[in-house]
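Throughout, protein chains are lettered first and strands after them, A, B, ... in sequence-line order, and every chain is numbered starting at 1. Note that the coordinates shown come from a computational prediction; the quantities given were computed from them, not determined experimentally.
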Amino acid sequence: MPELPEVEVTRRGIAPALIGRRVTGVTLRTPALRYPLPRSLASNIRGAPLEGIDRRGKYLLLHFAAGHVLLHLGMSGTLRLVPPDAPPGKHDHVDIAFGNISLRMNDPRRFGALLWIEGEPTEHPLLASLGVEPLERGFTGKALHKSLHGRSAAIKQAIMDSHVVVGVGNIYASESLFRAGISPRTTAGRVSLVRLEKLVTAIKETLRAAIRAGGSTLRDFFGSDGDPGHFQLEHLVYGREGEPCRRCGTTIRMIRQGQRATFYCSKCQT
DNA sequence: CTGGTCACCTGGAAGC
DNA sequence: TGCTTCCAGGTGACCA
């Protein structure tokens, strides 16, 4: 489910309802997701107001006076707002109650994470080495050109490397490369500056469009069995193996790069 | 440092 | 119908 747009839409969906409210309870229903859950969480944040929610890459940070809750949704995680007495369903691992509303984390595959951080979040090992934010000014063709210099990995794998740029997942990597007209197999260090500038623009456009598309599902974060995070853009190439390219009609191909499926048009992308 | 592979875990779909 | 196999939006650990 979650690439950067989904995480950002989640942040926007839950923030207005929760910021400024005090934690009234914490329920942990499983010992661990990707990492053990912090058993001390309730004592750390009960009674404290949520001061803000930020996103870094695909991580969410819930700020409290005493520290920060670091959340990652992994492959299958979702956050939803529910009434505090809503009975937990399968894979509802964590509830953080804020009076008459609860933030509920569901994650069937349990690749997600919830950590308690004291001190400066940006210094936490999981965040310290992350690359540039793709929607911020620092993500430019020049910057990308510099960080890819000398790299022999394929461009598709390079832009999915969170130490280069955060938040570009498997779907949007294929989509962005199609929009930029770049073959996913091209050696990252050999893509010209001009083409990387196109790629940066394509990544920004792709992510922004996906966030926009998700905006219409914001109401789904409240109650209901809605499925926030399952909105999607009309994909240009992802998942379209064997179908005609929307631009030129050539049959879309699928290859594997580092165990991940890559979709592309061999005519539009060179 | 870099790139390649594996592991973590569950569930849905496809194949037989 | 039921069993088996493959695949899935992420990413840290480990190895050469």
| message | A quick test of your reading: do over 12 heavy atoms of other residues, nucleotides or ligands sit less than 6.0 Å from CZ of A:R195? | response | yes

| Counting only heavy atoms not in A:K198, do more than 12 sit closer than 6.0 Å to its NZ atom? | no

| task | Between C:dT11 and B:dG12, how far apart are the C1' atoms? Round to whole Å, please. | result | 23 Å

| B:dC1 - base-pair partner by Watson-Crick or wobble geometry, distances under 3.5 Å | none

| query | If pairing requires Watson-Crick or G-U wobble contacts with both distances under 3.5 Å, which nucleotide is the partner of B:dC9? | reply | none

| field | Nearest-angstrom distance from the residue atom CG of A:L33 to P of B:dC9 | value | 11 Å

Give the table of side-chain donor-acceptor pairs shorter than 3.5 Å for residues 123-136 of chain A, with sequence neighbours excluded, one pair per line with atom names and distance.
| from | atom 1 | to | atom 2 | distance (Å) |
| --- | --- | --- | --- | --- |
| A:H124 | ND1 | A:L126 | N | 3.0 |
| A:S129 | OG | A:H163 | ND1 | 3.4 |
| A:E133 | OE1 | A:R55 | NH1 | 3.1 |
| A:E133 | OE2 | A:R56 | NH1 | 2.9 |
| A:E133 | OE2 | A:G57 | N | 2.6 |

| request: Could you check whether A:G258 gets within reach of a base, just the sugar-phosphate, or nothing at all, counting any heavy atom under 4.0 Å? | output: nothing

| Pairwise salt bridge (charged side-chain N to carboxylate O under 4.0 Å, His left out) hits with a residue in residues 245-267 of chain A, at least two apart | A:E234-A:R246

| Atom CG in A:L236, atom OG in A:S174: separation rounded to 0.5 Å? | 10.5 Å

| said: On the nucleotide B:dT10, are OP1 or OP2 found under 4.0 Å from the side-chain N or O atoms that A:H91 carries? | reply: no

| query | Rounded to the Å, how far apart are A:M75 CE and B:dC8 C1'? | reply | 11 Å

| field | Aro-ring/base stack A:F111-B:dC8, d under 5.5 Å, angle under 30° | value | yes

| said: Using a 4.0 Å cut-off on heavy atoms, which residues in residues 146-167 of chain A reach DNA chain B? List them by number, or say none. | reply: A:R151, A:S152, A:A153

| request: For A:L73 and C:dA8, give me the distance from atom CG to atom C1', rounded to whole Å. | output: 16 Å

| message | Can you tell me if A:Y238 touches the phosphate of C:dG9, counting only side-chain N or O atoms and a distance under 4.0 Å to OP1 or OP2? | response | yes

| query | Between the base of C:dG9 and the side chain of A:E6, is there a donor-acceptor distance below 3.5 Å? | reply | yes

| said: By the 4.0 Å heavy-atom rule, please label A:R110 as base, sugar-phosphate, or nothing. | reply: sugar-phosphate

| Roughly, in whole Å, what's the span from CD in A:E241 to P in C:dA8? | 11 Å

| Under 4.0 Å between a side-chain N or O of A:R260 and OP1 or OP2 of B:dC6? | no

| message | Below the 4.0 Å mark, does B:dG11 have OP1 or OP2 next to a side-chain nitrogen or oxygen of A:K90? | response | yes

| Do the side chains of A:P184 and A:Q269 get nearer than 4.5 Å, heavy atoms only? | yes

| query | What is the distance from CZ of A:R109 to P of B:dT10, rounded to the nearest Å? | reply | 10 Å

| Separation between the C1' atoms of B:dG3 and C:dG9, rounded to whole Å | 23 Å

| remark: Separation between OG1 (A:T251) and CD (A:E243), nearest 0.5 Å, reads 10.0 Å

| task | Check the side chains of A:T206 and A:E175 for a donor-acceptor pair under 3.5 angstrom, ignoring hydrogens and angles. | result | no

| request: To the nearest Å, give me how far apart CD (A:Q257) and P (C:dG9) are. | output: 13 Å

| field | Rounded distance (Å) that lies between atom P of C:dC6 and atom CE of A:M254 | value | 14 Å

| said: Whole angstroms only, please: what is the OH-C1' distance between A:Y35 and B:dC8? | reply: 11 Å

